[in-house]
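When a ligand or atom number is given, it counts from 1 through the structure's own listing order. Below, all heavy atoms of this structure are taken into account, side chains as well, without hydrogens, waters or symmetry copies.
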Amino acid sequence: MIDARTFRDTMGRVPTGVCVITTKHADGALDGVTVGSFASLSLDPPLVIWSLDKKANCNEGFMKATHFAVNVLSEDQTDLSRVFATKEARPWEKLEHTPAEQTGSPLFRGCCAYMECAMETIHDGGDHDIFVGRVLNLQPAPAGRPLLHFGGAYRRLDEDKVD
Ligand SMILES: Cc1cc2nc3c(=O)[nH]c(=O)nc-3n(C[C@H](O)[C@H](O)[C@H](O)COP(=O)(O)O)c2cc1C
């Protein structure tokens, strides 16, 4: 039997980037959530993957979503990460965001990279749902420094190469 605390602590040793995934629904409503599970899945076709707790308030919204955007957070965006990692309603009117070109999903200024995706498939993943997106549009910011999460804390990248 795997103890939940030990599982979390062990997974906390796996460093991740931090992304806010957003979507705009047909009725204009917006959803967004902070995730560390975002990863590249396939190059041909270009697919990305992330997972969302089935109990998250925004789960129902993302299960219905046809598109989403990925905001790859910069090291100075911990506040934004926290806004989208609470159970509170999202203060969209106080946040500066622009609609992504093809999908209208909210993009925040100052991120390291952006992606627009069409929802390709959704899979069951235990207590999470796994979302696979097909990349429609990419926008890297070459000078951006990413926000990292490791050992239960936000970190910045030490850019020294080891080899
Ligand atoms: C660094 C970080 C990474 C996270 N990664 C995920 C993730 O990959 N999947 C997930 O479901 N929740 C993740 N969370 C937790 C959600 O952001 C959090 O549960 C959020 O409150 C969900 O919002 P909602 O229930 O209001 O929709 C992460 C939180 C942080 C701070």
Side-chain angles (χ1 to χ4, degrees), residues 2-42 47-95 97 100 103-108 110-135 141 144-158:
I2 299 296
D3 163 66
R5 183 71 262 161
T6 314
F7 182 71
R8 279 169 186 266
D9 289 348
T10 306
M11 294 312 293
R13 306 307 295 171
V14 181
T16 71
V18 183
C19 299
V20 175
I21 312 267
T22 61
T23 193
K24 182 177 184 181
H25 299 292
D27 65 358
L30 304 178
D31 263 321
V33 64
T34 298
V35 304
S37 54
F38 177 75
S40 161
L41 176 64
S42 158
L47 301 176
V48 293
I49 188 167
W50 61 286
S51 63
L52 180 62
D53 194 328
K54 287 179 177 163
K55 293 203 188 96
N57 295 325
C58 62
N59 185 281
E60 204 184 326
F62 277 106
M63 289 296 277
K64 288 188 305 208
T66 55
H67 296 89
F68 61 86
V70 183
N71 292 264
V72 182
L73 298 194
S74 301
E75 63 180 20
D76 59 355
Q77 292 180 310
T78 49
D79 287 351
L80 198 57
S81 176
R82 289 193 178 97
V83 163
F84 287 95
T86 69
K87 293 277 164 197
E88 312 283 309
R90 311 305 189 218
W92 289 105
E93 64 293 343
K94 292 192 194 142
L95 300 169
H97 55 90
T103 64
S105 307
L107 300 181
F108 304 104
C111 291
C112 270
Y114 304 94
M115 266 158 256
E116 277 186 89
C117 302
M119 192 68 86
E120 180 89 354
T121 50
I122 301 177
H123 307 263
D124 184 66
D127 58 10
H128 281 51
D129 290 304
I130 302 166
F131 297 107
V132 174
R134 180 180 286 251
V135 180
R145 293 170 57 90
L147 178 62
L148 306 182
H149 199 264
F150 175 70
Y154 292 109
R155 317 267 178 180
R156 43 177 85 81
L157 187 67
D158 175 345

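- Residue contacts with ligand 1 for His128 involve side-chain atoms from C-beta outward but no N, CA, C or O (heavy atoms, distance under 4.0 Å).
- No N or O atom of His149 sits closer than 3.5 Å to an N or O atom of ligand 1.
- Looking from atom 31 (C) of ligand 1 to the surrounding protein, the closest heavy atom is Tyr154 OH, 3.6 Å.
- Residue-to-ligand polar distances place Asp53 within reach of ligand 1: an N/O pair is separated by less than 3.5 Å.
- Judged by distance alone, the side chains of His25 and Thr23 never bring a donor and an acceptor atom under 3.5 Å apart.
- Taken from CG in Leu30 to CZ in Arg90, the straight-line distance is 11.5 Å, to the nearest 0.5 Å.
- Annotation: atom 8 (O) of ligand 1 to nearest protein heavy atom, Ser37 OG, 2.6 Å.
- Close contacts of ligand 1 with Cys58, meaning ligand atoms under 4.0 Å from a residue heavy atom, involve 27 (O).
- Summary of contacts: the protein heavy atom closest to atom 18 (C) of ligand 1 is Ala85 O, 3.9 Å.
- In this structure, atom 23 (O) of ligand 1 lies nearest to the protein heavy atom Arg90 NH2, 2.9 Å.
- Remark: minimum distance from atom 22 (C) of ligand 1 to any protein heavy atom is reached at Val33 CG2, 3.8 Å.
- Between Trp50 and ligand 1 there is no heavy-atom distance shorter than 4.0 Å.
- Taken from CD in Gln77 to CG in Asn71, the straight-line distance is 8.0 Å, to the nearest 0.5 Å.
- Nearest protein heavy-atom neighbour of atom 5 (N) of ligand 1: Gly36 N, 2.8 Å.
- Between the OG1 atom of Thr6 and the CE atom of Met11 there is a distance of 13.0 Å, given to the nearest 0.5 Å.
- Remark: ligand 1 atoms within the under-4.0 Å shell around heavy atoms of Ala56 are 25 (O), 27 (O).
- Residues Asn59 and Asp53 bring no donor and acceptor atom of their side chains to less than 3.5 Å of each other.
- Here Phe68 contributes atom CZ and Cys19 contributes atom SG; the two are 10.5 Å apart, rounded to the nearest 0.5 Å.
- Annotation for Cys117 and Thr103: closest pair O-CG2, 4.4 Å, computed over non-hydrogen atoms.
- Counting atoms of ligand 1 from 1 in the listed order, those under 4.0 Å from a heavy atom of Asn57 are 24 (P), 25 (O), 26 (O), 27 (O).
- Neither the backbone nor the side chain of Thr16 comes within contact range of ligand 1; no heavy atom lies under 4.0 Å.
- Between the side chain of Arg134 and the main chain of Glu120, no donor-acceptor pair closer than 3.5 Å is present.
- Looking only at protein heavy atoms, the nearest one to atom 15 (C) of ligand 1 is Thr34 O, 4.1 Å.
- The existence of a salt bridge linking Asp27 and Lys64 is excluded, since no basic side-chain nitrogen approaches an acidic carboxylate oxygen closer than 4.0 Å.
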(message) For Asp9 and Arg13: C-alpha separation, side-chain torsions, deciding distance, then whether salt bridge (charged side-chain N to carboxylate O under 4.0 Å, His left out) applies.
(response) CA-CA 7 Å; Asp9 289 348; Arg13 306 307 295 171; over 6 Å; no

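- Distances from ligand 1 to the non-hydrogen atoms of Glu88 include no value under 4.0 Å.
- Note that atom 26 (O) of ligand 1 has protein non-hydrogen atoms nearby, at separations under 4.0 angstrom.
- Using a 30° and 60° split on the angle between ring planes, Phe108 and His97 fall in the perpendicular class, above 60°.
- Between Leu52 and ligand 1, not a single N/O pair is under 3.5 Å apart.
- Considering only non-hydrogen protein atoms, atom 9 (N) of ligand 1 sits nearest to Ser51 O, 2.9 Å.
- Other residues, nucleotides and ligands contribute more than 12 heavy atoms inside 6.0 Å of the CZ atom of Arg145.
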